[in-house]
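We name chains A, B, ... by the order of the sequence lines, and we start the count at 1 in each one.
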Protein chains: 2
Amino acid sequence: MLPIANQHAIISQCAFFHGLTAAEVMLVQQAAVTVQAAPGSFFFQQGEEATALYIVLSGQVRLSQINPEGRQVIVHIFGPGEAMGVIVVLSNMTYPVSAEAMVDSAALAWNRQTINQLMKEIPHLALNGLRLVAQRFMELQERYRELATERVERRIARALIRQMQRGNGRAVPLTRQDLAEMTGTTLYTVSRTCSAWEQAGIVSAGRGLITINDYHRLLVIAEDLPPDHQCPQPATCFYCSPILNCDHFAVKRET
Amino acid sequence: MLPIANQHAIISQCAFFHGLTAAEVMLVQQAAVTVQAAPGSFFFQQGEEATALYIVLSGQVRLSQINPEGRQVIVHIFGPGEAMGVIVVLSNMTYPVSAEAMVDSAALAWNRQTINQLMKEIPHLALNGLRLVAQRFMELQERYRELATERVERRIARALIRQMQRGNGRAVPLTRQDLAEMTGTTLYTVSRTCSAWEQAGIVSAGRGLITINDYHRLLVIAEDLPPDHQCPQPATCFYCSPILNCDHFAVKRET
DNA sequence: CGCATCGTTGATCAAGCTCAAGCCGCGTGG
DNA sequence: CCACGCGGCTTGAGCTTGATCAACGATGCG
């Protein structure tokens with residue numbers, strides 16, 4: 001269980017609460033319930049009535065959808081500070097996806113009435129919610145297009161880069177299977193691709209972990225740049241990825 | 001140009017204005033501008049500043065995204081009564097997709113300030129907007145999973161069924177190319193598939209038009225049902241498709 | 001130590017993409 | 001009215017990508 005002070009730090013920084021006064025943040029936080037989930041257990045499951053909105057405090061949560069034959073697709077991976085279930089809880093729907101903890105995770109939860117009430121009292125909260133949804137929607141559209149038009153290797157490269165950008169290092173803690181379900185391919189293909197990249201010195205492959213050694217070359221694959229591509233600002237090469245407009249990413253760059 | 005009375009009929013029935021009083025509908029309608037678009041011209045284009053929200057009055061509008069190499073994907077096709085740009089206009093973003101008229105089309109438009117103002121005055125409008133977005137989001141997630149896990153033939157079948165359900169007959173006015181861009185395949189594969197289906201008597205293929213003759217068998221393909229599948233209510237077979245929960249569809253059934 | 005999970009790699013194969021060639025129907029302009 | 005061109009459609013041949021199957025290797029945990 002996270003200490004309260006830490007909770008507060010996450011809440012006050014996360015996008016969903018951006019622009020709220022300290023008093024408002026306090027109000028919202030007091031209305032929340034903390035929920036824990038062990039690896040493999042679910043915050044909610046596909047098909048259940050959507051009764052709560054969550055904000056991840058710690059851990060990683062895999063949002064996935066499963067088809068009748070049992071093939072699974074990872075729609076999104078949530079980390080600390082991100083909100084889950086924003087859309088559905090406000091529209092009296094059932095969850096269209098499942099939220100499964102990948103590691104020990106904790107989240108704050110508000111039930112439907114509470115969050116509706118809070119949004120009425122703090123209109124800014126509703127606006128933030130809409131922004132988050134918009135962001136997620138655009139990302140999903142982008143990935144849909146990728147899946148329809150891009151080759152597997154490129155999709156894997158992009159997924160890796162995206163995950164790296166959401167984490168805070170060059171290591172991406174995903175299994176081959178995870179990556180496969182994120183990119184609509186099989187674990188075999190991911191494994192082969194990673195092996196090839198390791199041969200080429202682009203990544204180091206580990207058990208449930210892929211470390212990016214040559215971001216630039218990975219980017220060349222992800223964006224189909226010419227092999228001899230020179231970044232306009234090589235010193236700050238991280239800037240030049242159009243993936244998920246990530247201007248803020250530079251601050252996370254290792255020096 | 002549509003007669004005003006007709007406009008009003010569309011507006012008052014469409015989901016975005018559901019639950020509003022007549023006075024409110026009037027207020028909103030008066031704030032709108034009518035926009036026309038000839039086939040091939042755009043209501044807005046990918047990358048432009050999102051300045052307006054539209055409701056289609058007549059025609060068909062193709063929402064598509066294009067990748068740097070020029071491969072295109074159709075994200076959605078809008079018909080009369082549907083709202084375009086709900087998300088983006090409220091979040092100060094650029095349009096992530098282009099909206100192109102497939103036939104002569106007209107839409108009502110509100111600019112950002114206006115719609116924001118209206119949403120403040122009529123909170124119900126904001127709620128409706130959120131519901132629409134939620135619906136679209138779920139549909140996109142569903143299609144994303146389809147693209148990642150389902151075979152081409154099944155995807156085409158599902159796209160056809162979906163389009164038929166949104167139209168009002170058994171004929172779907174799409175070219176092979178359109179269907180290909182909707183399902184992430186090529187026009188060749190769509191053509192072959194349609195030919196095979198025509199052989200089998202499932203559809204009649206025409207120029208820019210596909211007519212569904214045997215909905216039941218198409219459904220068997222779309223849902224991978226056993227070939228000898230019997231609908232629980234054969235007489236009202238249209239009910240039994242889980243695609244895009246379409247309970248309302250029965251009213252459109254031809255008798 | 002044994003089991004479970006995760007990963008690797010080879011062989012095989014089919015789905016579906018690509019390219020090429022040609023057809024059909026329609027609208028347009030001579 | 002006809003010829004022409006264009007946009008849409010069809011079909012075949014060949015090939016590539018990436019899925020599938022199978023067997024085995026490594027790592028870590030209880």
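- Of the candidates D:dC9, D:dT27, C:dG16, D:dT27 carries the atom nearest the A:R207 side chain, counting heavy atoms from C-beta on.
- Among the atoms of the strands shown, only primed sugar atoms or phosphate atoms (P, OP1, OP2) are found under 4.0 Å from some heavy atom of A:R176.
- Out of C:dC17, D:dT10, C:dT5, the shortest distance to the side chain of B:A205 is found at D:dT10.
- For the pair A:R192 and D:dG18, the criterion of a side-chain N or O lying under 4.0 Å from OP1 or OP2 is not met.
- Between the side chains of A:E181 and A:Q177, at least one donor N or O sits under 3.5 Å from an acceptor N or O.
- The nearest whole Å value for the distance from the CZ atom in A:R151 to the P atom in C:dG16 is 14 Å.
- Remark: of the listed residues B:D214, B:I202, B:I212, B:I202 is the sole one forming a side chain to side chain contact (heavy atoms under 4.5 Å, CB included) with B:W197.
- Atom CD in A:E198 sits roughly 11 Å away from atom C1' in C:dG7 (whole-Å rounding).
- When rounded to the nearest whole Å, the span between CD of A:Q177 and C1' of D:dT20 equals 14 Å.
- The distance from atom CE of B:M102 to atom C1' of D:dG7 is 15 Å, rounded to the nearest whole Å.
- Ring planes of B:Y54 and B:F44: tilted class, angle from 30 to 60°.
- Between the side chains of A:Y215 and A:R170, no donor-acceptor pair of N or O atoms lies under 3.5 Å.
- Spacing between atom CG of B:L187 and atom P of C:dC23 amounts to 18 Å, rounded to whole angstrom units.
- Rounded to an integer number of Å, the gap from A:E153 CD to D:dG18 P is 9 Å.
- Taking the side chain as every heavy atom from C-beta outward, B:E150 and A:E69 approach each other to under 4.5 Å.
- Counting only heavy atoms from C-beta on, B:Y188 has its side chain closest to D:dT11 among D:dC21, C:dG7, D:dT11.
- As a whole-Å value, the separation of B:E150 CD from C:dA15 P is 16 Å.
- Checking D:dG28, C:dT18, D:dC9 against the side-chain heavy atoms of B:S191 singles out D:dC9 as nearest.
- For the pair A:G206 and B:T186, nearest-nucleotide mapping onto DNA chain C gives the more 5' position to A:G206.
- If you take CD of B:Q199 and C1' of D:dT11, they are 12 Å apart, rounded to a whole angstrom.
- Among C:dC6, D:dT11, C:dG10, the nucleotide with an atom closest to any side-chain atom of B:S195 is D:dT11.
- Regarding contacts with the backbone of D:dG18, every side-chain N or O of A:T189 stays at 4.0 angstrom or more from both OP1 and OP2.
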